[in-house]
Amino acid sequence: MSKKPVKKSDSEKGWMKKRRDNRRMIAPEYHLIVTEGTKTEPNYFGKLKEEINSRYRDRISIEIAGIGQGSNTLTLLEKAQNIVSNSPIEYKHVWLVYDKDDFPRDDFDNTYYKCKSLSKQHEAVIYHALWSNECIEYWFLLHFYLLQSAISRNEYYPKLSEYLGSKYEKNRDDIYSLLKPHLTTAIKNAKQVATGNKNLPPSKSTPGTAVYEIFEKLISYLK
């Protein structure tokens, strides 16, 4: 059955105009990803941004700020707060991506606790600490198997090369597409590790990562 056209007399009615205006006024949910890395993280999360923004920009939008390596993770948080304060965009979620091996233990933990505190104080913006102990390559490895023992950063690279079938390098721009088919496995493994690290601060969660949290949040857009 064909849809009846709207009568001109009805189109001029107030309730008809209101419905159209409301649809135009609905803003997408804005996310900001702030990374301390200069290659791996921007490349990886940049592909996530491209995928979601190209398909769902009217519902959700992601922006990325690559701050670069700093003296501590609290500096990363401060810079993220400055971006939020000075941007015309009303961000709902701010995701900080950083590794343990680059920062002192106290700064590493305090950034996590500060994010939780800020989110309680300002409900309009939720800050998330996407830490990895030791590095984001641990999150990458969880796409293939459950690793629960601590290994050195240098050991991650040959293991990833083995599973990827080609040499892993930090500046690879195809890592997101190679890992995505195994995303549900990675989330499951990361959550199991997080359960084992329950009540431990990030610096003592060896190994551990919270990167899965952003993917668990956005998984419905990545089918």
Side-chain angles (χ1 to χ4, degrees), residues 28-69 73 76 80 83 89 91-102 127-147 151 153-194 207-223:
E29 180 179 86
Y30 289 103
H31 293 244
L32 174 66
I33 302 174
V34 182
T35 76
E36 54 89 11
T38 57
K39 293 181 179 179
T40 305
E41 293 85 355
N43 284 343
Y44 179 64
F45 288 101
K47 298 300 182 182
L48 170 67
K49 169 188 172 180
E50 290 177 9
E51 179 177 3
I52 288 182
N53 286 5
S54 65
R55 298 169 63 186
Y56 302 103
R57 184 172 283 278
D58 60 330
R59 295 165 55 188
I60 184 169
S61 181
I62 295 177
E63 299 298 328
I64 295 180
I67 300 299
Q69 294 178 343
T73 52
L76 186 71
I83 293 173
I89 297 174
Y91 291 107
K92 178 63 177 177
H93 293 275
V94 178
W95 308 87
L96 270 64
V97 183
Y98 58 97
D99 294 346
K100 168 62 185 74
D101 59 351
D102 293 327
Y127 286 82
H128 308 262
L130 299 187
W131 54 270
S132 292
N133 190 353
E134 282 192 21
C135 53
I136 196 171
E137 281 78 13
Y138 176 62
W139 161 248
F140 293 168
L141 269 179
L142 290 176
H143 286 70
F144 302 106
Y145 76 107
L146 178 62
L147 174 62
I151 61 176
R153 180 171 186 155
N154 292 335
E155 293 180 84
Y156 286 106
Y157 295 11
K159 288 181 179 293
L160 279 170
S161 297
E162 178 184 349
Y163 283 103
L164 292 172
S166 57
K167 184 178 180 180
Y168 171 76
E169 296 177 328
K170 289 188 69 64
N171 60 351
R172 286 189 66 156
D173 60 5
D174 61 348
I175 192 67
Y176 177 80
S177 61
L178 292 174
L179 295 178
K180 188 188 171 185
H182 312 283
L183 181 58
T184 55
T185 297
I187 294 174
K188 178 183 177 181
N189 286 340
K191 291 179 72 173
Q192 183 171 336
V193 172
T209 182
V211 174
Y212 74 91
E213 292 177 6
I214 188 172
F215 289 96
E216 190 172 43
K217 170 71 175 176
L218 302 178
I219 191 68
S220 61
Y221 299 101
L222 300 174
K223 299 295 186 182

Open item on the list: Can you tell me how far apart NZ (K170) and CD (E41) are? Round to the nearest 0.5 Å.
Closed with: 5.5 Å
- [ ] May I ask you to decide if Y157's main-chain N or O and S161's side chain share a donor-acceptor pair within less than 3.5 Å?
- [x] yes
Open item on the list: Please give me the minimum heavy-atom distance between L130 and A210, naming the atom from each residue.
Closed with: CD2-O, 3.2 Å
Open item on the list: Check whether N53 reaches the backbone of I62 with its side chain - one donor and one acceptor, N or O, closer than 3.5 Å.
Closed with: yes
TODO: Check the angle between the aromatic planes of Y56 and Y221 and answer parallel, tilted or perpendicular using the 30° and 60° thresholds.
DONE: perpendicular
TODO: Looking only at non-hydrogen atoms, find the nearest pair between S61 and P28 and report the distance.
DONE: N-CB, 4.4 Å
Task: Student check: side-chain heavy atoms of R172 and L178 closer than 4.5 Å - done: yes
TODO: Measure the CG-CD distance between L164 and E169 for me, rounded to the nearest 0.5 Å.
DONE: 11.5 Å
TODO: Show the numbers, then the answer: is there a side-chain contact (heavy atoms from CB on, under 4.5 Å) between K49 and E63?
DONE: CA-CA 7 Å; K49 169 188 172 180; E63 299 298 328; 3.8 Å; yes
Open item on the list: With rounding to the nearest 0.5 angstrom, report the CD to NZ distance, E137 to K159.
Closed with: 14.0 Å
Open item on the list: Please check: side-chain N/O of T209 versus main-chain N/O of W131, any donor-acceptor pairing under 3.5 Å?
Closed with: yes
Open item on the list: Testing the basics here: between P42 and G37, what is the closest heavy-atom pair and its distance to 0.1 Å?
Closed with: CG-O, 3.5 Å
- [ ] Report the C-alpha distance between W139 and I187 in whole Å, list the side-chain angles of each, state the deciding distance to 0.1 Å, and finish with yes or no for side-chain contact (heavy atoms from CB on, under 4.5 Å).
- [x] CA-CA 9 Å; W139 161 248; I187 294 174; 4.1 Å; yes
- [ ] Nearest 0.5 Å please: distance from the CD atom of E155 over to the CD atom of E134.
- [x] 9.5 Å
Task: Close side-chain approach of T185 and H143, heavy atoms under 4.5 Å - done: no
Open item on the list: Using a strict threshold of under 4.0 Å (side-chain N to carboxylate O), is an ion pair present between R55 and E51?
Closed with: yes
Open item on the list: Quick one, I214 and H93 - any side-chain contact, counting heavy atoms below 4.5 Å?
Closed with: no
- [ ] Mind checking the CD1-CD1 spacing from I83 to I89? Nearest 0.5 Å is all I need.
- [x] 10.5 Å
- [ ] To the nearest 0.5 Å, tell me how far D174 CG sits from N43 CG.
- [x] 9.5 Å
Open item on the list: Any non-hydrogen side-chain atom of D99 less than 4.5 Å from a side-chain atom of S132?
Closed with: yes
TODO: Test E216 against K191 for side-chain contact (heavy atoms from CB on, under 4.5 Å), laying out the working first.
DONE: CA-CA 10 Å; E216 190 172 43; K191 291 179 72 173; 2.7 Å; yes
Open item on the list: Can you tell me how the ring of Y44 sits relative to the ring of F215, calling it parallel under 30°, perpendicular over 60° and tilted otherwise?
Closed with: tilted
Open item on the list: Pair L48, L222 - check side-chain contact (heavy atoms from CB on, under 4.5 Å), show working.
Closed with: CA-CA 9 Å; L48 170 67; L222 300 174; 3.8 Å; yes
TODO: Measure from the side-chain N and O atoms of T35 to the backbone N and O of V97, and report whether any donor-acceptor pair falls under 3.5 Å.
DONE: no
Open item on the list: Does any part of the side chain of Q192, heavy atoms only, come nearer than 4.5 Å to the side chain of L146, both counted from C-beta?
Closed with: yes
Open item on the list: In the structure I gave you, are the side-chain heavy atoms of I60 and L218 within less than 4.5 Å of one another anywhere?
Closed with: yes
Task: Whether Y30 and Y91 hold their rings parallel, tilted or perpendicular, with breakpoints at 30° and 60° - done: perpendicular
Open item on the list: For a quick check under 3.5 Å, do Y176 and E50 share a side-chain donor-acceptor pair by atom type?
Closed with: no
- [ ] Return the minimal non-hydrogen interatomic distance between V34 and A80, and the atom names on each side.
- [x] CG2-CB, 3.9 Å
- [ ] Determine the interplanar angle of the Y168 and F140 rings, folded into 0 to 90°, and report it as parallel if under 30°, tilted if 30 to 60°, perpendicular if over 60°.
- [x] perpendicular
TODO: Would you indicate whether the side-chain heavy atoms of Y212 and L142 approach each other to under 4.5 Å?
DONE: no
TODO: Answer yes or no: is there a side-chain heavy-atom contact under 4.5 Å between K180 and K47?
DONE: no
